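Keep in mind it's a predicted model, so treat the numbers as computed, not measured.
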Amino acid sequence: MANLRIDRNALPKPWANPLIFVLTGSGCSVEAEIEQEAAIEYQSAWRSGGAFALAPQQTEYFVQSVEDAANRMLSTGDPASSPRLLLRWADLNPSEQGS
């Protein structure tokens, strides 16, 4: 299965609730809903000087993390059986998990 990717031209607004990324690839589409703690991180990546403005490096890093986490989770199953994933902060930062 080719990696699922997020359309960089259709990123969700940081204040959207719930925060949902749509990933597509291999003729399928999967929604990844981000839990509140991770959504706050995404929001902070957009914040600049008290107003919302795209902070490209931070946002790109976060979007890549969403893609990586979604692909890790889907590698163990069929995307068609998972129309929506719930990604937690630990899913996006596996190095923070206890060993």
Side-chain angles (χ1 to χ4, degrees):
M1 175 178 76
N3 282 351
L4 296 170
R5 308 296 292 174
I6 295 169
D7 178 0
R8 300 306 203 273
N9 296 317
L11 292 175
K13 299 302 181 202
W15 51 86
N17 186 20
L19 186 62
I20 296 173
F21 290 82
V22 178
L23 300 93
T24 57
S26 303
C28 65
S29 178
V30 174
E31 290 183 347
E33 181 174 340
I34 310 300
E35 73 163 3
Q36 185 175 5
E37 183 178 1
I40 290 170
E41 183 71 13
Y42 179 66
Q43 185 182 58
S44 71
W46 278 66
R47 191 179 294 276
S48 176
F52 281 108
L54 191 61
Q57 291 180 327
Q58 289 180 291
T59 304
E60 178 63 24
Y61 176 81
F62 188 90
V63 167
Q64 184 65 54
S65 296
V66 172
E67 289 178 341
D68 291 347
N71 282 306
R72 268 199 318 273
M73 293 176 75
L74 292 176
S75 68
T76 60
D78 178 10
S81 67
S82 304
R84 181 176 290 184
L85 303 171
L86 175 62
L87 297 181
R88 296 170 300 277
W89 182 240
D91 297 324
L92 302 181
N93 294 276
S95 62
E96 291 186 6
Q97 295 177 4
S99 56

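Between D91 and A69, the shortest heavy-atom distance links the atoms O-CB, 3.3 Å. Across all their heavy atoms, A45 and T59 have their closest contact at O-OG1, 3.5 Å. Between P18 and E33, the shortest heavy-atom distance links the atoms CB-OE2, 3.4 Å. Nearest heavy atom pair, residue V66 against residue L92, reads CA-CD2, 3.8 Å. For L23 against E67, the heavy-atom pair with the smallest separation is CD2-CA, 3.9 Å.
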*Chi angles and distances behind the side chain to side chain contact (heavy atoms under 4.5 Å, CB included) call for T24, D7*: CA-CA 8 Å; T24 57; D7 178 0; 5.9 Å; no
*asked:* Pair F62, F21 - check side chain to side chain contact (heavy atoms under 4.5 Å, CB included), show working.
replied: CA-CA 11 Å; F62 188 90; F21 290 82; 4.0 Å; yes
*Let me see the working for K13 and Q43 under side chain to side chain contact (heavy atoms under 4.5 Å, CB included), right down to the final yes or no.*
CA-CA 8 Å; K13 299 302 181 202; Q43 185 182 58; over 6 Å; no
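Under a 3.5 Å cut-off, the side chain of E35 and the backbone N or O of W89 do form a donor-acceptor pair. Looking at Y42, its side chain never comes within 3.5 Å of a backbone N or O of I34 through a donor-acceptor pair.
For E60, the CD atom counts as densely surrounded, since its 6.0 Å shell holds more than 12 non-hydrogen atoms of other residues, nucleotides or ligands.
No continuous path of hydrophobic side-chain contacts links V22 to L4 [ILVMFWY only; heavy atoms under 4.5 Å].
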